[in-house]
Each structure stands twice: as structure tokens, then as C-alpha cells.
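Below is one structure; the comments refer to it alone.
Computed from a predicted model, the values in this text were never measured in an experiment. Just so it is clear: chains get the letters A, B, ... in the order the sequence lines come, proteins before strands, and each one is counted from 1.
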Amino acid sequence: MMDATTTPKLPSRRPGLFMLGIADLMRGIGNWRLCHLMGLGEIRRRYARSRIGQFWLTLSTAIMVTALGLVWSTLWRQPVAELMPFVAISLISWTMISGTLTEAATVFASTAPIFLNQGMSFSAAIYSLVYRQLLIFLHNVPTIVIAMLLFSVPAGGISLMALSGFGLLVLALVWTSYLVAIACVRFRDLTQVVQNVLTITFFITPILWKPDQIPPDKQYLLFLNPFAALLAVVREPLLGQLPSIYDWTAAAIFAIGGFIVALPIIGYCQRRIIYWV
Amino acid sequence: MLSRLGGSLAAHNDTVIVRALQNISLDLVDGDRLGLVGANGAGKTTFLRVVSRVYPPLTGEAVIEGKVSSFTDIGLGMEPEATGWQNIIFRCVFLGLTFAEARALAPSIGEFCELGAYLDLPVRTYSTGMFLRLAFAISTAVQPDIVVMDEMIGAGDQSFIEKAKKRIGNLLERTRILVLASHSQPIIRNFCNTVLWLDHGKVRMFGLVDEVLPAYERAALNC
């Protein structure tokens with residue numbers, strides 16, 4: 001039974017980091033049942049024993065959107081009918097981005113007991129996190145729809161393009177939150193850094209103000225901000241406008257091309273994360 | 001730095017590294033029941049986690065074939081706000097079943113734990129003992145290939161304890177490989193046929209129960 005004399009056989013050829021990263025993401029998908037339970041569980045815990053439960057999500061966002069839409073349209077001297085739908089879509093999409101990345105910073109630490117008990121790909125924690133934020137987003141869709149109807153936004157067939165924009169946003173969140181989670185579990189100080197970066201990003205991204213309010217010589221600031229493009233490809237179709245080619249390209253490159261950068265890092269770290277939690 | 005407990009400590013640049021296990025080489029096959037003994041920090045739990053595929057070895061290789069159930073945290077995946085029935089489903093899915101399989105298994109688990117109408121209530125209303133009964137009943141309902149345990153599990157009051165013992169005994173008999181860490185020698189003797197004695201993360205002795213346990217006991221008395 002004990003075999004101390006023979007040297008262990010080393011695998012002849014080890015798969016590259018890129019393939020290891022893909023394999024890791026696939027193993028997480030194989031655990032979709034757990035992702036589903038872990039995603040729902042957090043929402044259940046948060047709103048248990050509350051009379052209207054998770055509809056607090058809908059209500060608080062609606063209040064937030066109304067208040068900010070009114071205040072900022074007054075401050076910017078812009079018609080409420082124009083700014084309110086803009087703010088509703090941008091703010092709700094941004095809430096999903098910042099919610100995902102904020103939680104990503106602590107997700108491995110908070111799900112550690114599960115991963116210390118059974119061997120599983122950490123991508124499962126990422127999927128459950130993105131899934132949960134997706135569910136929260138769905139609770140806020142009525143607010144977007146009401147804002148669009150109330151201010152008779154000229155939405156039409158073109159608005160369906162928002163779905164592919166939203167798809168890009170979700171893809172981008174998968175790899176960004178995985179990288180954030182890995183970085184933050186290895187270097188705990190980064191958790192605070194992520195918070196601060198998100199706060200700043202909120203102000204420099206067109207959420208409460210419109211892109212055309214930036215002077216032409218400062219427009220490059222928007223071009224450097226991938227979140228501006230991701231928000232644009234979700235928002236513009238819903239407002240009845242075509243997003244610019246630039247926004248589509250930037251969003252697609254960030255969302256899909258990002259995986260090319262992220263996969264080798266995931267492949268390298270996937271076996272080590274458990275030693276860092 | 002020397003310590004009577006724990007794995008070996010090494011300095012790497014400015015970081016202290018705990019080498020929890022090193023130079024472990026062994027094969028376990030169907031029918032093997034391995035008991036793990038050793039002082040606190042000898043590497044027993046780390047070894048269990050290697051078998052559970054939690055810790056991939058950083059040097060060397062660990063090939064584990066088959067479905068592993070780790071009984072180190074039998075309440076894992078259970079939610080205080082959900083009902084007993086819901087928790088049966090959750091926990092079964094955590095153990096690797098599909099939702100349909102979990103639903104099919106639920107009635108027998110509900111019957112075994114004897115919680116009756118309480119299964120319709122949120123688990124937070126249960127006493128600690130009732131919660132343990134439920135966690136135990138679910139965890140032992142799914143038959144894995146490999147069972148990993150940190151100390152023997154059990155649950156319940158006087159009447160339930162015997163029932164639980166029989167159930168875990170049956171499960172351990174049917175499982176193909178058992179790895180059980182315990183500080184109780186009677187339990188090791190009862191369930192295991194081989195023993196691995198770990199000391200500072202290394203193999204101190206590996207062999208049949210009757211060879212290793214007496215040596216381990218002598219060493220424990222001497223120090």
C-alpha cells in the first residue's frame with residue numbers, strides 16, 4: 001500500500017495557463033446548481049422576515065432614481081423627461097457593476113467554509129455572485145420600464161439591442177470580478193482600494209450627467225473609461241438611439257478581449273486561491 | 001524555530017511559510033479504511049483536505065478518483081431562514097445530487113430525523129440538537145465513494161443516538177474508502193484497518209492498526 005521507493009510520475013505535458021483558466025471556468029459551470037443556491041441564499045438571508053421582502057430592492061432603487069433624477073435635472077437645468085430615463089438606466093446598471101465588484105472583493109473570504117469543505121472551482125463563487133446581481137437587476141427593471149413609459153421615451157425595435165449590450169456587461173463582470181476577487185483575497189489591502197476606485201469611477205462615468213456635458217477637449221476621459229462604453233451599449237438602445245461604433249467596439253473588446261488577459265491569470269491562481277482564503 | 005506542535009516553519013523572503021505536509025506517499029484502494037492519528041497540528045485536517053480535493057498539493061501529485069463526501073462540516077449549505085424541507089434539498093444538492101434526486105430522497109430523510117411538523121418551519125426555530133439531527137440525517141443519506149471525516153459524527157438524544165450509530169455504521173461499511181481522523185483510539189480500532197501517524201506534517205508510521213496504535217500510545221505517554 002505505501003509506495004515510498006518509486007519516484008512519482010510527472011505528467012508528460014502540462015496544459016498551458018490559458019487552458020487551465022478555461023477548464024476552471026467550465027468546472028464552475030458544472031456546479032451551476034450550487035451557484036443557483038448560493039446566489040439565491042444571500043438574497044433570502046437579507047430579506048428574510050421582511051413583509052415585502054426583496055421588493056425593498058425595487059423600492060429603494062426607485063426612490064433613489066426619482067430623487068437623483070429630480071435633483072440633478074434641476075442642477076443641470078435639463079428637462080426631467082430627458083434626464084430621468086437616462087439616470088434610471090445608468091444608475092441601475094451602475095448599481096449592478098459596483099455591487100458585483102464590491103462583493104467580489106470579499107467573496108472568497110465569505111464563502112471560504114464551502115471551499116474548505118469540498119474541492120470546487122472558485123469560479124462557482126463568481127458565478128453565484130454575478131447571478132445574484134443579475135437577479136437584483138431584474139428587480140429594478142420595472143423602475144426602468146416605468147421611467148421609459150412615464151416620459152414617453154421613443155423606444156422601439158432598436159431597444160432590443162440593449163440585450164446584447166447587457167450580455168457584454170455581464171461577460172465583462174465575470175472576468176473583472178474574478179480578477180478583483182483573486183487580487184483582494186491575496187492582498188487584503190486591495191479591498192479598500194476597490195471601494196475607492198469604484199467611488200471615483202461613479203463620478204467620472206456618465207451616470208448622473210450626460211456624455212455631451214463634457215467639454216470636447218476632455219472627451220478623451222470617456223474614451224479611456226470602459227464602463228462608460230458598457231453603460232452606453234445598454235442605455236442608448238433603450239433611449240431609442242444607436243450607440244456609437246466606438247462604444248460597441250470598446251465594450252466588446254473590454255468584455256470579450258478581457259478574457260484573453262484574465263484566463264492565464266485565473267489558470268495560474270486557481271490552485272493557489274484556497275491557500276490564500 | 002522549533003515547536004512541539006504543528007508543521008514545519010520556513011522563512012521565505014520576509015514571509016513565514018507553514019509546511020503542513022511533506023513527503024507523504026501512499027496509495028489507498030477500495031476497502032481501505034485509513035485512520036489518521038497525531039498531535040494537534042500534525043497535519044491530519046490538511047491531509048483530509050487533500051483527499052477532499054480542497055488543497056491541491058503544491059509539489060507532487062494527488063490523484064483522487066470517485067465521489068468524495070466530506071463530513072467535516074455537516075451543516076454546510078443549510079440556511080436558518082429556510083424550512084427543514086428546503087434545507088434537505090439544499091444540503092443534498094451541496095452533496096452533489098440533482099434537484100430531482102434530492103426531492104426523491106427527501107421523504108426518507110424527513111422520516112429518519114423524526115422532526116415531523118417542524119420540517120415545515122424555518123430551521124432557526126430548531127434547538128441545536130434538532131438542527132444536528134437534520135444535518136446528520138441529510139449528510140448520511142447520500143452514499144459517496146470516499147468518506148472523509150474529522151472525528152466521528154453523531155447526533156441526538158438517548159433514543160436517536162443508537163439509530164444514528166447504525167446509520168453511520170452502514171454508510172461507512174458500504175463506502176469504498178474511508179479516511180477518518182480521530183483522537184479516540186476505540187473509534188479508530190472500530191472503523192479502520194490501517195493507520196497513518198502524522199508528526200509535524202510527516203509520516204511517522206504507517207501500517208496496520210495493531211502495529212501503529214500501540215507505538216503511538218507509547219510515544220504519547222513518554223512526552
Side-chain angles (χ1 to χ4, degrees), chain A residues 1-12 14 20 23-24 27 30-50 53-54 108 110-122 124-125 128 186-187 267-277, chain B residues 17-18 20 23-29 32 34 45 48-64 68-82 86 89-99 102 122 124 148 150 193-194 196 203 205-208:
Chain A
M1 280 181 50
M2 184 163 59
D3 186 6
T5 48
T6 52
T7 48
K9 272 191 305 228
L10 287 171
S12 51
R14 298 176 61 189
L20 283 174
D24 180 71
R27 269 185 293 139
N31 268 326
W32 64 270
R33 292 184 186 85
L34 276 190
C35 300
H36 170 67
L37 286 183
M38 284 158 69
L40 275 185
E42 185 60 35
I43 296 185
R44 178 178 308 127
R45 272 190 293 280
R46 212 177 294 171
Y47 296 100
R49 292 195 260 172
S50 147
Q54 71 271 30
F108 290 159
S110 64
T111 53
I114 297 171
F115 291 93
L116 282 171
N117 189 66
Q118 57 193 85
M120 244 191 342
S121 158
F122 276 92
S128 65
R186 178 66 187 82
F187 305 102
Y268 177 79
C269 296
Q270 42 122 9
R271 284 163 72 88
R272 291 170 174 81
I273 300 171
I274 191 70
Y275 295 103
W276 295 335
V277 295
Chain B
I17 290 183
V18 178
N23 296 334
I24 311 269
S25 184
L26 57 93
D27 277 320
L28 293 175
V29 295
D32 281 343
L34 179 69
T45 304
L48 293 179
R49 286 181 177 162
V50 172
V51 178
S52 316
R53 302 192 183 95
V54 166
Y55 287 146
L58 293 179
T59 54
E61 234 191 321
V63 180
I64 294 119
V68 185
S69 266
S70 172
F71 290 165
T72 46
D73 186 352
I74 60 169
L76 198 72
M78 293 178 65
E79 285 176 22
E81 294 296 344
Q86 282 176 313
I89 307 289
F90 296 167
R91 180 80 187 117
C92 281
V93 170
F94 262 78
L95 289 166
L97 298 192
T98 65
F99 285 101
R124 68 180 153 78
V148 168
D150 210 343
N193 51 23
T194 43
L196 173 63
V203 178
M205 209 176 169
F206 177 66
L208 297 174

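In terms of heavy-atom pairs under 4.5 Å with chain A, the best-connected choice from S69(B), S70(B), S52(B) is S70(B). When each of I274(A), I114(A), N117(A) is checked for heavy-atom pairs under 4.5 Å with chain B, N117(A) comes out on top.
Between the CE atom in M38(A) and the CZ atom in F90(B) there is a gap of 13.0 Å [rounded to 0.5 Å]. Expressed to the nearest 0.5 Å, how far CZ of R49(A) lies from CZ of R124(B) amounts to 3.5 Å. Put simply, CG on L37(A) and CZ on R91(B) are 12.0 Å apart, with the number rounded to the nearest 0.5 Å.
Exactly one residue among R271(A), R272(A), Q270(A) makes a side-chain contact (heavy atoms from CB on, under 4.5 Å) with P56(B). That residue is R271(A).
Closest approach of R33(A) to T98(B), counting heavy atoms only: NH2-CG2, 3.2 Å. Looking at every heavy atom in both residues, L116(A) comes nearest to V54(B) through O-CG2, 3.5 Å.
For the pair Q118(A) (side chain) and F94(B) (backbone), a donor-acceptor distance under 3.5 Å is present.
Only the backbone of L97(B) comes within less than 4.5 Å of a heavy atom of chain A; no side-chain atom from C-beta onward does.
Using cut-offs of 30° and 60° on the angle between ring planes, the pair W32(A) and F99(B) is tilted.
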